[in-house]
Amino acid sequence: MQSAIDNALDIQQIRRNFPILHQEINGRPLVYFDNAATTQKPQSVIDALTRYYEGYNANIHRGIHHLAEQATAAFEDSRRAVQTFLNAKHWQEIIFTYGTTDGINLVANSYGRRFLTAGDEIIISTMEHHSNIVPWQMLCEERGCVLRIIPVDENGDLILEEYEKLLSEKTKLVSVVHVSNSLGTINPVKTIIDKAHEVGAVVLIDGAQASSHIELDVQALDADFYAFSAHKLYGPTGMGVLYGKKELLDAMPPYRGGGEMIKEVTFEKTTYNDIPYKFEAGTPNIADVVAVKTALEYITDLGKETIAAHENDLLQYATAQLSELDGLRIIGQAKHKIGVISFVLEGIHHQDTGVILDQQGIAVRTGHHCTMPLMQRFGIAGTTRASFAVYNTRDEIDRLVLGLKRVHKMML
Amino acid sequence: MTINEKQDEIIEEFDLFDDQLDKTQYIIDLGKKLPPMPETQKTDENRIMGCQSKVWVDAELKDDRLYFYGDSEPTAQISKGLVGLLVRVLSGQKPEDVANADLYFIPQVGMGNLITSLRAGGLASMIERMKAFGRAYSVTENR
Ligand SMILES: Cc1ncc(COP(=O)(O)O)c(C=O)c1O
């Protein structure tokens, strides 16, 4: 198995694609284990951005000159690339956003405010990122809807029996995370979606952490909405995607007004553009949209399955190595996980762990990871989290283990 | 020793280390030496907000001098060391000297990421609180 992975992926070759990795921090080679926060960008993505600004920067859709046509074509090419990446049925189902958070807010503000009323119920889970909690709380406050929460068990899995009990004809919307950013848990979203559909609820999946690790097929999942961020899949920051089923998007009102999203404006009446444009008011983030196509190609060329196998090897190795350390407790031991490993060290504050690892050139994330209710569920203030991407190696995990031994030595 | 003499002393001590980790170790050890703060002083009022970990600072005036006490939650040893460092520089000084202190040692000792994580972790808030004590007690004196 291991050798098959090694044959399929030449990690040293891959590392050469990422210029940022080749630097020293505090005199030690950088180990970048904060990939769940954002991944690094391959040279091809950086080049795509530069090529756009150097060669064909122009505002899209309205221009008749050559550069505007070229920019528009590249922009719309990216939409088709995302459509393929998600296996969406129609290109119109792909809305460009600023990120996952923006996509969730779009659904809450447009679909939510149009179709939800007092007493309707929205189901989320204990392991949601704040960006999949707060927009629903805001909606509930405004509309008098009720938020219901799927609990999480000790391993970090959703308790599906409890989910089924929460479902009723009052349930109008279910919004859950595909993969937990704090625990790494891969949720059974297909089951979650099917159960919700049985009671007639629509389902939004927060795919921020899943998009670069898991094969996606929104039609097979039958997801109503699927949101993700480009910066977590080797793409640029400030760019994301909201997928929505065409019939839902058609029925939804726009929630931001401005240019691009209209057909005709008079002071008496404005008619809106068709999807996806009615949700893309103003000049979009053209350069980053263009470059996301290159990021998707990067992933597809390597092969998601191959990437996942490599990351899983790192996860298994890290889990085994870290479990050997005294006083280390892994938070999140679900059977199905991506390469995210969160842990607490007995008697040592996660902030101190992060500072001392950083001094050894190792970048991890510490704190609540924007999932405070989940931390409360586990009775902790935060964790130290190492999260892996395709360019990480077992050697780097050895460095982490040594780094943590040093933390121990310094503190005790 | 004046505040500046103490700062110069600390700068000299830190000069012995060229590795960040050694400097951090030194700070952690300072924290370990900091006398524990009585639980009764760990009030919300004495808590420094803006720290990822819990930190408290209190002060009392004795013979015209300001004496500081500080502590952190037990696991947050770097924060505790930093409080210890500030206590070492500012404790036993005149309130107005505390209020007007220019803490030039902090950028000079080269604590690297400690400073940034501290900024997030509220080093500035700790200093601000200690100076506020200085101002409050110098006002009382002037009356
Ligand atoms: C699970 C999950 N949801 C949502 C988000 C928010 O993504 P963004 O900040 O890119 O909008 C993140 C990012 O950390 C995440 O991990």
Side-chain angles (χ1 to χ4, degrees), chain A residues 23-34 37 326-329 331 343-372 375 378-385 399-400 402-412, chain B residues 14 16-34 36-37 42 44 47-56 70-86 106 109-126:
Chain A
Q23 61 177 300
E24 296 201 336
I25 306 287
N26 290 316
R28 293 150 177 99
L30 166 67
V31 172
Y32 186 77
F33 279 164
D34 196 16
D326 279 344
L328 186 144
R329 181 159 64 97
I331 306 292
F343 55 89
V344 291
L345 292 173
E346 199 184 317
I348 300 173
H349 198 281
H350 48 75
Q351 190 183 0
D352 291 0
T353 307
V355 166
I356 295 171
L357 288 177
D358 178 50
Q359 291 178 344
Q360 300 173 79
I362 304 166
V364 293
R365 181 138 302 226
T366 63
H368 52 63
H369 317 297
C370 295
T371 54
M372 288 176 88
M375 296 298 120
F378 283 97
I380 52 181
T383 72
T384 301
R385 179 188 73 186
R399 288 261 315 272
L400 173 66
L402 283 178
L404 288 169
K405 285 186 177 158
R406 182 84 189 246
V407 172
H408 252 279
K409 209 170 101 202
M410 286 174 72
M411 293 296 175
L412 305 176
Chain B
F14 271 86
L16 297 173
F17 310 118
D18 38 40
D19 195 298
Q20 289 292 329
L21 287 161
D22 297 328
K23 292 179 186 178
T24 305
Q25 182 74 67
Y26 183 78
I27 288 171
I28 291 168
D29 293 340
L30 268 180
K32 288 181 183 154
K33 284 186 217 136
L34 187 69
M37 190 178 189
K42 294 184 187 171
D44 279 352
R47 168 115 185 252
I48 309 289
M49 290 304 163
C51 299
Q52 257 198 42
S53 46
K54 287 186 190 142
V55 175
W56 299 267
D71 206 350
S72 72
E73 60 184 300
T75 59
Q77 297 196 44
I78 295 178
S79 298
K80 189 162 170 172
L82 290 165
V83 181
L85 203 56
L86 293 175
I106 292 174
V109 294
M111 288 191 280
N113 75 338
L114 282 186
I115 294 294
T116 31
S117 63
L118 291 189
R119 211 179 283 134
L123 180 72
S125 320
M126 293 182 206

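We name chains A, B, ... by the order of the sequence lines, and we start the count at 1 in each one. What you are looking at is a predicted structure, and each value in this text was computed from that prediction instead of being measured.
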- prompt: Quick one: does A:Met410's side chain get under 4.5 Å of B:Asp22's, heavy atoms only?
  reply: no

With side chain to side chain contact (heavy atoms under 4.5 Å, CB included) as the criterion, how do B:Leu21 and A:Gln360 come out once you've worked through the C-alpha distance, each side chain's angles and the decisive distance to 0.1 Å? CA-CA 8 Å; B:Leu21 287 161; A:Gln360 300 173 79; 3.7 Å; yes

dist B:Asp19:CG -> A:Asn26:CG (nearest 0.5 Å) comes out at 7.5 Å

Original post:
Can we say B:Lys80 and A:Asp352 salt-bridge, meaning some charged N sits less than 4.0 Å from an Asp/Glu carboxylate O?
Top reply: no

dist A:His349:NE2 -> B:Lys54:NZ (nearest 0.5 Å) comes out at 9.0 Å

For A:Arg365, is the CZ atom crowded, meaning more than 12 foreign heavy atoms sit under 6.0 Å from it? no

Most contact-rich option vs chain B, by heavy-atom pairs under 4.5 angstrom, among A:Glu346, A:Arg28, A:Lys409, is A:Arg28

Is any side-chain heavy atom of A:Ile356 closer than 4.5 Å to a side-chain heavy atom of B:Ile28?
-> yes

Between the CE atom in A:Met411 and the NZ atom in B:Lys32, the distance rounded to the nearest 0.5 Å is 8.0 Å

